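Below is one structure, written out as structure tokens; comments come after it.
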Amino acid sequence: MKTKNTYFTPFLLLLVCGIFITACKNRSGVSPKTGVAYNDPYNGGLQINRKVKEGPGPGLIVIEGGTFVMGGSLNEDLTYAHDNLKRRVTVASFYMDETEVSNADWLEYLHWLNQNFPEDKELYYNALPDTLVWRQQLSYNEPYVDLYLRHPAYQDYPVVGVTWEQANDYCIWRTDRVNEHILREKGALVDYRELAESQSSPEDPFNTDIYLNGQYRGEGIDGERMPKDNRPGAEDGARRPVRMEDGVLKQPYRLPTEAEWEYAALGLVGNTEYGNIESSKVYPWNGLGVRSGKRRTQGLMMANFKPTSGDNMGVAGYLNDGGDITVSVTSYLPNDYGLYNMAGNVNEWVRDVYRQLSYEDFEDFNPFRGNVYMDKQYEDAEGTLAKDKYGRPIRVPAKAPRKQTWEELQASVSDSANVTFDNDVRGYADETNDELYGVTTLVNDKSRVYKGGSWNDRAYWLNPATRRFMQQDESNAMIGFRCAMTLVGSPEVNTKTKPSFPANRKRGQANKKVLGIF
């Protein structure tokens, strides 16, 4: 009997452990409120995915958010603009491009447009940077007009001559190209060019919103790596399209807000310990100067800028910053977030509309000025999205500040439409007088903020808190941009050295009872 018990006890323990492990695995597949199993074709097939691991899109790195004093790094307002007074705000975690968008990146964009819309010369022309920004009446910059964008020697240099509007168009294009590539890699999408050969009308290029609305005919339902389609009426073995709930597609690329940009440029995460900021910064690096203080790199310039009038790069044989105009987007050392050239090289567009007194109106969480509320337009009552000639959804001004009732939606009217709701709040409480623009002011709702300093700016503008503005349809040789992306889910990124609470065991016991395990 002792021998039997000796063998029986471990077997019983293994059995109990197996049941326990199975129960734990099934917890994510069962509703904690009803006990009904998820992902079960026999009870409706509701599919819930809790195994998604969120990550940045190509080219992006994660920026863990937090609180900081916006405008706090600027101790002397040399321009007497008083347009960035100190106030404490909180920025949510987000993603940002490691580098500025380069000439090679822009040429990829132009190449795609030319390939997919070869007959639309206007589209391609409007996407071209203005290379004439290099021209100066009393300077011989003509070689840059012809060579800067396309010559291989400049391919990793930041693209310039790009307006705020062009930068936004690039973000939209990049979103669709990244999501299209993800779907193709997963076998969820077939090539629309192949479909066009067998269809009477050519398929529009991939668009994320159109795909998620079920209007893209290139859905690959036979990809082996895609989930089975458990919807009623689906064919056996059919694979369903990807949905937003799957967490496969990436959030839209966009320009960073001014608060996000300033927060990321400062990189105070490197000066923080246990929630306390040990020391402040004037630039994206530590110290009060613009030269490296480290032993091996002592005296080297930390950014590309113009130290003084007539000195763009220093003396031959030992150049100060190694750049007469711009330099490669990966030059110098990254800041504590891993971002390159957050000071110098080129200024960078941000999303915000410029107002001198924005700091008085900003919300203290994710501050931003420039909201224009838009909705996608539907072309019929079936929920089909209306598309423009490039296959993108048409957006129209939002009609209400809230979810409309079913009756309002069907009638396409709202109680607040054109009465109390203004979809365009770029100016917020400020009124734009077109008669005064260009006479007593240069600020209107098309004035956009740019930050960071450039190869042609003095060190003062390298401070992340400084801000300037230009019209959104204008460009110059000193302004480029980088993209950002909203981070979804938990804002915590750096958790390895942070203490945390143990898992809630009571909830686990409750789930076991629902499953009938014990």
Side-chain angles (χ1 to χ4, degrees), residues 61-79 81-94 96-100 256-307 320-321 330-348 350 359 362 364 367 449-455 457-468 482 484 493-494 497:
I61 59 176
V62 65
I63 309 295
E64 186 174 59
T67 181
F68 84 115
V69 178
M70 195 169 179
S73 60
L74 187 62
N75 295 323
E76 189 173 5
D77 188 6
L78 296 182
T79 62
H82 303 294
D83 63 351
N84 200 12
L85 300 188
K86 298 175 176 62
R87 69 273 189 206
R88 180 167 290 281
V89 301
T90 294
V91 174
S93 297
F94 63 103
M96 181 176 271
D97 269 340
E98 184 180 20
T99 67
E100 298 140 335
T257 66
E258 182 179 3
E260 287 175 335
W261 195 97
E262 184 174 333
Y263 176 84
L266 273 178
L268 291 174
V269 66
N271 298 32
T272 304
E273 187 173 2
Y274 300 111
N276 298 314
I277 298 176
E278 301 296 328
S279 59
S280 59
K281 291 181 178 179
V282 178
Y283 303 110
W285 53 85
N286 286 312
L288 300 177
V290 294
R291 295 181 181 272
S292 173
K294 295 183 179 180
R295 186 172 183 178
R296 291 186 178 181
T297 57
Q298 189 169 14
L300 295 182
M301 286 288 191
M302 298 293 289
N304 178 26
F305 68 104
K306 190 170 186 172
N320 273 336
D321 55 28
T330 54
S331 298
Y332 312 108
L333 294 176
N335 72 355
D336 287 329
Y337 273 122
L339 303 172
Y340 287 87
N341 290 297
M342 293 300 284
N345 212 19
V346 289
N347 292 287
E348 298 179 15
V350 297
Y359 64 88
F362 273 160
D364 62 3
V449 179
Y450 65 88
K451 299 170 75 72
S454 76
W455 60 271
D457 286 320
R458 303 297 179 85
Y460 171 77
W461 297 106
L462 305 185
N463 185 294
T466 56
R467 59 199 305 254
R468 289 175 284 182
R482 73 180 73 209
V493 177
N494 302 312
T497 59

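The structure presented is a predicted model; accordingly, all values stated were derived computationally and were not measured. Numbering of residues begins at 1 and proceeds along the displayed sequence.
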The side-chain contact (heavy atoms from CB on, under 4.5 Å) partners of Ser73 (sequence neighbours excluded) come to Leu266, Asn463, Pro464, Ala465
Check Asn347 against Ser454 and note the closest heavy-atom contact, atom names and distance.
ND2-CB, 3.4 Å
Partners passing ring-ring contact (aromatic ring centres under 6.0 Å, His included) against Tyr283 (at least two apart in sequence or in another chain)
Trp285
Would you mind listing every salt bridge (Lys or Arg N to Asp or Glu O under 4.0 Å) that reaches into residues 291-302, with sequence neighbours excluded?
none
Do the side chains of Arg87 and Pro367 get nearer than 4.5 Å, heavy atoms only?
no
Can you measure from OG1 (Thr330) to OH (Tyr340) and round to the nearest 0.5 angstrom?
6.5 Å
What residues form a ring-ring contact (aromatic ring centres under 6.0 Å, His included) with Trp455, not counting sequence neighbours?
Trp134
Quick one: does Ser93's side chain have a donor or acceptor within less than 3.5 Å of a partner on Gly65's backbone?
yes
Contacts of Thr90 that satisfy side-chain hydrogen bond (donor to acceptor under 3.5 Å, both in side chains) - sequence neighbours left out
none
Quick one: closest heavy-atom pair of Phe362 and Met70, and the distance?
CE1-CE, 4.2 Å
Closest heavy-atom contact between Asn335 and Ala264?
ND2-O, 2.8 Å
Looking only at heavy atoms, the pair that brings Phe305 and Arg458 closest together is CD1-C, 4.2 Å
Which residues share a side-chain hydrogen bond (donor to acceptor under 3.5 Å, both in side chains) with Thr272, sequence neighbours left out
none
Write out all pairs satisfying salt bridge (Lys or Arg N to Asp or Glu O under 4.0 Å) with one or both partners inside residues 262-282, taking only residues at least two apart or from two chains.
Glu262-Lys451, Lys281-Asp336
Is there a side-chain contact (heavy atoms from CB on, under 4.5 Å) between Ile61 and Leu339? Walk through the geometry before answering.
CA-CA 8 Å; Ile61 59 176; Leu339 303 172; 3.3 Å; yes
Run the salt bridge (charged side-chain N to carboxylate O under 4.0 Å, His left out) test against Asp321 and tell me which residues pass, sequence neighbours left out.
none
Residues in side-chain hydrogen bond (donor to acceptor under 3.5 Å, both in side chains) with Tyr337, at least two apart?
Tyr263
Between Asp457 and Leu462, does the side-chain contact (heavy atoms from CB on, under 4.5 Å) criterion hold? Intermediate values first, please.
CA-CA 8 Å; Asp457 286 320; Leu462 305 185; 5.8 Å; no
Under a 3.5 Å distance rule, please check whether Asp77 uses its side chain to pair with a backbone N or O of His82 as donor and acceptor.
yes
The side-chain contact (heavy atoms from CB on, under 4.5 Å) partners of Arg88 (sequence neighbours excluded) come to Thr67, Val69
Inter-residue atom distance Met301.CE - Tyr332.OH, 0.5 Å rounding
8.5 Å
Flag for Asn271-Asn286: side-chain donor and acceptor within less than 3.5 Å
yes
With a 3.5 Å distance limit and no angle check, can you tell me whether Asp364 reaches the backbone of Val89 through a side-chain donor-acceptor pair?
no
Please report the shortest heavy-atom distance between Tyr359 and Asn84, naming the atom on each side.
CD2-N, 4.4 Å
Output the distance between atom CD (Glu348) and atom CE (Met96), rounded to the nearest 0.5 Å.
7.5 Å
Locate the shortest heavy-atom distance separating Asn341 from Glu100; write the atom from each residue and the value.
O-OE2, 3.4 Å
Could you list the residues that satisfy side-chain contact (heavy atoms from CB on, under 4.5 Å) with Leu78, not counting sequence neighbours?
Glu76, Tyr460
Residues passing the side-chain hydrogen bond (donor to acceptor under 3.5 Å, both in side chains) test with Ser280, sequence neighbours excluded, are none
Do side-chain atoms of Arg467 reach the backbone of Asp83 as a donor and acceptor pair under 3.5 angstrom?
yes
